[in-house]
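Below you'll find the structure, written out as structure tokens, and then a few comments.
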Protein chains: 2
Amino acid sequence: MTLQAQPELTKNQSLVFSALNRADGPLTAYAILDELRAEGFRAPLQVYRALERLQAYGLVHRLESLNAFVACSHPQCAHQESAAFAICEKCGQVAEFSPGRATDALKAWATQTGFALTNTTIELRGMCRLCSGAPAPCA
Amino acid sequence: MTLQAQPELTKNQSLVFSALNRADGPLTAYAILDELRAEGFRAPLQVYRALERLQAYGLVHRLESLNAFVACSHPQCAHQESAAFAICEKCGQVAEFSPGRATDALKAWATQTGFALTNTTIELRGMCRLCSGAPAPCA
DNA sequence: CCGCCAGACGTTATCTTATTACGTTATAGG
DNA sequence: CCTATAACGTAATAAGATAACGTCTGGCGG
Ligand SMILES: [Zn+2]
Ligand SMILES: [Zn+2]
Ligand SMILES: [Zn+2]
Ligand SMILES: [Zn+2]
């Protein structure tokens with residue numbers, strides 16, 4: 001994770017960050033690009049460059065299993081602890097949580113094995129409470 | 001995961017599976033394709049179709065953070081338990097292990113939250129024992 | 001003030017990864 | 001034999017990510 005200090009965001013970084021915050025779920029880089037064409041974005045690299053910084057600042061997470069990005073749910077805590085995500089396959093909602101005990105278990109494995117752990121990806125797939133409780137898509 | 005019963009493999013499935021077993025690390029779909037051009041493979045879809053089945057049979061895993069695939073390290077056990085992977089960023093080796101306690105913790109979170117969990121992705125990044133112990137790349 | 005550097009930016013082209021669409025072949029059941 | 005199903009072959013295209021280049025800015029030493 002190795003979080004970087006966070007200077008003030010540049011214009012492009014702010015635009016990308018606010019696009020992610022407006023969205024009610026994860027966005028792909030190209031979806032962000034389309035969101036921001038009105039603001040003058042023209043090329044994927046503008047999005048990827050901003051995302052790279054935002055991730056380094058801990059404001060944005062990448063969902064590996066979706067090739068998509070979400071704004072951090074609790075940026076204030078800068079959650080040094082690795083984050084985990086529960087992705088609803090019905091409605092697309094993503095819940096971010098802190099997998100304290102799971103991370104501890106993985107760290108223990110790493111220590112035992114001699115693996116120098118720098119980063120952990122945890123992504124859960126399934127259905128959120130609302131979607132699994134009712135047949136209709138959740139609000 | 002929902003593992004499927006495993007009938008005998010088709011020719012293409014066998015070829016893809018053996019390519020993954022020959023490799024000493026994960027392969028991308030296109031790397032597999034190149035491996036198998038000599039055997040008559042011509043198009044990505046031949047690889048993706050075989051991978052799809054092999055994953056369903058539990059013989060192959062996809063590494064989400066690499067967009068790559070590995071043969072299962074212990075296919076005999078059909079590890080209903082979700083697998084976890086430790087990826088060395090120096091030498092590229094991948095170690096598969098059973099994250100029992102971590103999975104338990106994630107299941108507990110899901111139960112508490114009302115999330116109907118079907119699948120868990122756990123991928124660790126860092127350096128393997130050999131690479132972090134010695135400056136030279138590990139054997 | 002001037003020259004220089006580093007960081008952000010813009011643009012194009014290209015590369016990698018994955019899927020859609022459609023037609024063919026092999027095979028098992030009735 | 002007829003037909004349904006699964007696997008296969010091929011071409012085209014979509015989706016995701018990066019390389020390579022040049023420009024523009026603001027800060028700083030001289
Ligand atoms: Zn977060
Ligand atoms: Zn849902
Ligand atoms: Zn396995
Ligand atoms: Zn290594």
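Chain letters run A, B, ... following the sequence lines, proteins first and then strands; every chain starts at 1.
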Residues in side-chain contact (heavy atoms from CB on, under 4.5 Å) with Asp34(B), at least two apart?
Arg37(B)
Interatomic distance, Phe69(A) CZ vs dA15(D) P [rounded to whole Å]:
16 Å
Residue pairs involving residues 109-119 of chain A (criterion salt bridge (charged side-chain N to carboxylate O under 4.0 Å, His left out); sequence neighbours excluded):
none
Does a side-chain N or O of Asn67(A) approach OP1 or OP2 of dA17(D) to a distance below 4.0 Å, or not?
yes
Nearest heavy-atom contact between Thr28(A) and Asn67(A) is CG2-O, 3.8 Å
Would you please name every residue forming a side-chain contact (heavy atoms from CB on, under 4.5 Å) with Ala29(B), sequence neighbours left out?
Val47(B), Tyr48(B), Leu51(B), Phe69(B)
Return the set of residues passing salt bridge (charged side-chain N to carboxylate O under 4.0 Å, His left out) with Asp104(A) (not counting sequence neighbours), or none when no residue passes.
none
Close N/O contacts between protein and nucleotides 8-14 of chain D (under 3.5 Å):
residue : atom : partner  : partner atom : Å
dC8(D)  : OP1  : Thr10(B) : OG1          : 2.8
dG9(D)  : OP2  : Asn12(B) : ND2          : 3.0
dG9(D)  : OP2  : Gln46(B) : NE2          : 2.4
dG9(D)  : N7   : Arg49(B) : NH2          : 2.4
dG9(D)  : O6   : Arg49(B) : NH1          : 3.3
dG9(D)  : O6   : Arg49(B) : NH2          : 3.3

Rounded to whole angstrom units, what separation is found between the CG atom of Leu15(B) and the C1' atom of dA7(D)?
14 Å
Please identify each residue that fulfils side-chain hydrogen bond (donor to acceptor under 3.5 Å, both in side chains) with Thr103(A), with sequence neighbours left out.
Ser82(A)
Got a sec, which pairs hit salt bridge (charged side-chain N to carboxylate O under 4.0 Å, His left out) with one end in residues 39-63 of chain B, sequence neighbours left out?
Arg62(B)-Glu64(B)
Can a side chain N or O of Arg62(A) be found less than 4.0 Å away from OP1 or OP2 on dG16(D)?
no
Using the side-chain contact (heavy atoms from CB on, under 4.5 Å) criterion, which residues pair with Thr113(A)? Sequence neighbours excluded.
Trp109(A)
Chain A contact limits on DNA chain C, taken 5' to 3' with a cut-off of 4.0 angstrom to heavy atoms:
dA8(C) to dT12(C)
